[in-house]
Amino acid sequence: MHQTDIKVRGYHLDLYGHVNNARYLEFLEEARWAYFDVHTDLYGFMQTGLAFVVVNINISYRRPALMNEILTVDTSVRDVGNRSAVIRQVIRLQGSDTVVAEADVTFVLFDSKQNRAVTIEGEIRALMDRLAAED
């Protein structure tokens with residue numbers, strides 16, 4: 001499991017003084033980028049014309065996050081199929097078990113040259129299977 005810390009800033013807040021629901025998607029994305037930065041050569045991977053493309057996000061909001069709180073986003077690969085995979089992400093208040101939000105993010109492997117999703121196989125499959133086993 002990989003952890004990414006994010007400090008809640010004023011521009012993350014809505015009129016009610018807590019993090020706007022849409023900002024959580026940005027927090028989750030930041031944590032996924034950090035996760036793959038650690039486990040892959042992301043720049044080299046992108047040069048191949050392949051990309052992980054999100055096709056579905058199921059998110060549950062559990063507690064409002066407030067100004068200056070530090071959130072820890074836990075990111076792990078939960079499941080790898082033939083054409084898609086699921087990343088599990090849990091946002092907690094730093095240093096506690098208090099869950100702020102949790103999400104399952106489904107993505108496909110997209111080939112920009114073919115302009116379509118492709119089978120997860122070869123080195124990428126081996127990487128995803130290893131990450132799922134570690135997490």
Side-chain angles (χ1 to χ4, degrees):
M1 180 181 328
H2 182 267
Q3 295 186 323
T4 304
D5 290 335
I6 297 172
K7 183 172 182 176
V8 176
R9 306 287 184 181
Y11 64 90
H12 295 138
L13 306 179
D14 60 19
L15 293 173
Y16 304 106
H18 52 72
V19 173
N20 181 281
N21 66 306
R23 291 291 185 164
Y24 287 99
L25 298 176
E26 295 172 2
F27 295 167
L28 296 170
E29 184 173 18
E30 174 65 27
R32 287 193 306 276
W33 276 89
Y35 179 75
F36 284 110
D37 274 345
V38 168
H39 294 289
T40 66
D41 171 14
L42 199 52
Y43 180 75
F45 174 72
M46 292 172 63
Q47 298 304 307
T48 67
L50 297 173
F52 295 125
V53 176
V54 172
V55 294
N56 184 280
I57 297 178
N58 291 312
I59 186 168
S60 296
Y61 303 98
R62 304 289 182 206
R63 175 203 179 271
L66 307 172
M67 178 87 159
N68 291 323
E69 290 182 331
I70 298 179
L71 307 176
T72 298
V73 184
D74 297 331
T75 302
S76 59
V77 174
R78 192 189 84 192
D79 184 43
V80 182
N82 289 328
R83 298 187 58 83
S84 66
V86 177
I87 291 179
R88 177 75 173 157
Q89 294 185 280
V90 179
I91 302 173
R92 291 184 173 82
L93 286 179
Q94 185 183 51
S96 79
D97 292 331
T98 303
V99 175
V100 173
E102 52 194 333
D104 289 322
V105 182
T106 304
F107 66 90
V108 297
L109 182 62
F110 186 81
D111 185 329
S112 63
K113 295 172 191 164
Q114 297 182 49
N115 198 33
R116 66 179 183 91
V118 296
T119 303
I120 301 171
E121 58 189 5
E123 289 180 34
I124 296 171
R125 178 60 187 231
L127 169 68
M128 297 307 296
D129 286 342
R130 180 177 55 80
L131 292 175
E134 290 176 0
D135 295 332

Checklist entry - What's the verdict on side-chain contact (heavy atoms from CB on, under 4.5 Å) for Tyr35 and Val73, showing C-alpha distance, side-chain angles and the deciding distance? => result CA-CA 10 Å; Tyr35 179 75; Val73 184; over 6 Å; no
Checklist entry - Would Arg88 and Glu102 count as a side-chain contact (heavy atoms from CB on, under 4.5 Å) if you check the C-alpha gap in whole Å, the side-chain angles of each, and the deciding distance to 0.1 Å? => result CA-CA 8 Å; Arg88 177 75 173 157; Glu102 52 194 333; 2.6 Å; yes
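Looking at Phe27 and Val19, their side chains come closer than 4.5 Å, going by heavy atoms from C-beta outward. A 4.5 Å side-chain heavy-atom check between Gln89 and Asp74 finds every atom pair outside the cut-off. Considering only heavy atoms from C-beta on, Leu66 stays 4.5 Å or farther from Val8 through its side chain. Under the 4.5 Å side-chain criterion, counting only non-hydrogen atoms from C-beta, Thr4 is not in contact with Trp33. Two residues are said to be in side-chain contact when any heavy atoms from C-beta on lie closer than 4.5 Å; Phe36 and Leu131 meet this criterion. Side-chain atoms of Arg125 and Asn82, non-hydrogen and from C-beta on, do get closer than 4.5 Å to each other. Residues Asn68 and Lys7 have side chains in contact (heavy-atom distance under 4.5 Å, counting atoms from C-beta outward).
Between Leu28 and Ala103, the closest heavy-atom pair is CD1-CB, 3.7 Å. Arg63 and Val99 get closest at one heavy-atom pair: CB-O, 3.8 Å. Contact detail for Leu13 and Ala65: the closest heavy-atom pair is CD2-O, 4.4 Å. Across all non-hydrogen atoms, the minimal contact from Arg83 to Val118 is NH1-C, 4.0 Å. Heavy atoms only, all atoms of each residue included: His2 and Ala34 are closest at CE1-CB, 3.7 Å.
Not a single donor-acceptor pair under 3.5 Å links the side chain of Thr106 to the backbone N or O of Val55. Under the 3.5 Å distance criterion, the side-chain polar atoms of Thr119 are left unmatched by any main-chain donor or acceptor of Glu121.
Hydrophobic clustering of Ile, Leu, Val, Met, Phe, Trp and Tyr side chains at less than 4.5 Å, counting indirect connections, keeps Val53 apart from Leu127. Cluster membership for Met1 and Val80, using ILVMFWY side-chain heavy atoms within less than 4.5 angstrom, is not shared. Residue Val86 is not grouped with residue Ile59 when hydrophobic side chains (ILVMFWY) are merged at heavy-atom distances under 4.5 angstrom, including chains of intermediate members. In the hydrophobic clustering of ILVMFWY residues, with side-chain heavy atoms under 4.5 Å counting as a link, Val90 and Val105 come out apart. By the rule that hydrophobic residues join a cluster once side-chain heavy atoms approach within less than 4.5 Å of another member, Ile91 and Leu93 end up as members of one cluster.
Using a 4.0 Å cut-off between a side-chain N of Lys or Arg and a carboxylate O of Asp or Glu, Arg32 and Glu29 do not qualify as a salt bridge.
Going from atom CD1 of Ile120 over to atom CZ of Phe52 covers 7.0 Å, rounded to the nearest 0.5 Å. Between the CD1 atom in Ile87 and the CE atom in Met128 there is a gap of 5.5 Å [rounded to 0.5 Å]. Note that CZ of Arg62 and CZ of Arg92 are 11.5 Å apart. Values are rounded to the nearest 0.5 Å. Atom CG of Leu109 and atom CZ of Arg116 lie 10.5 Å apart (nearest 0.5 Å). With rounding to the nearest 0.5 Å, the separation of OH in Tyr24 from CD1 in Ile6 is 10.5 Å. Asp5 contributes atom CG, which lies 4.0 Å from atom OG1 of Thr72 (distance to the nearest 0.5 angstrom).
Within a 6.0 Å sphere centred on CD of Gln47, heavy atoms belonging to other residues, nucleotides or ligands number more than 12.
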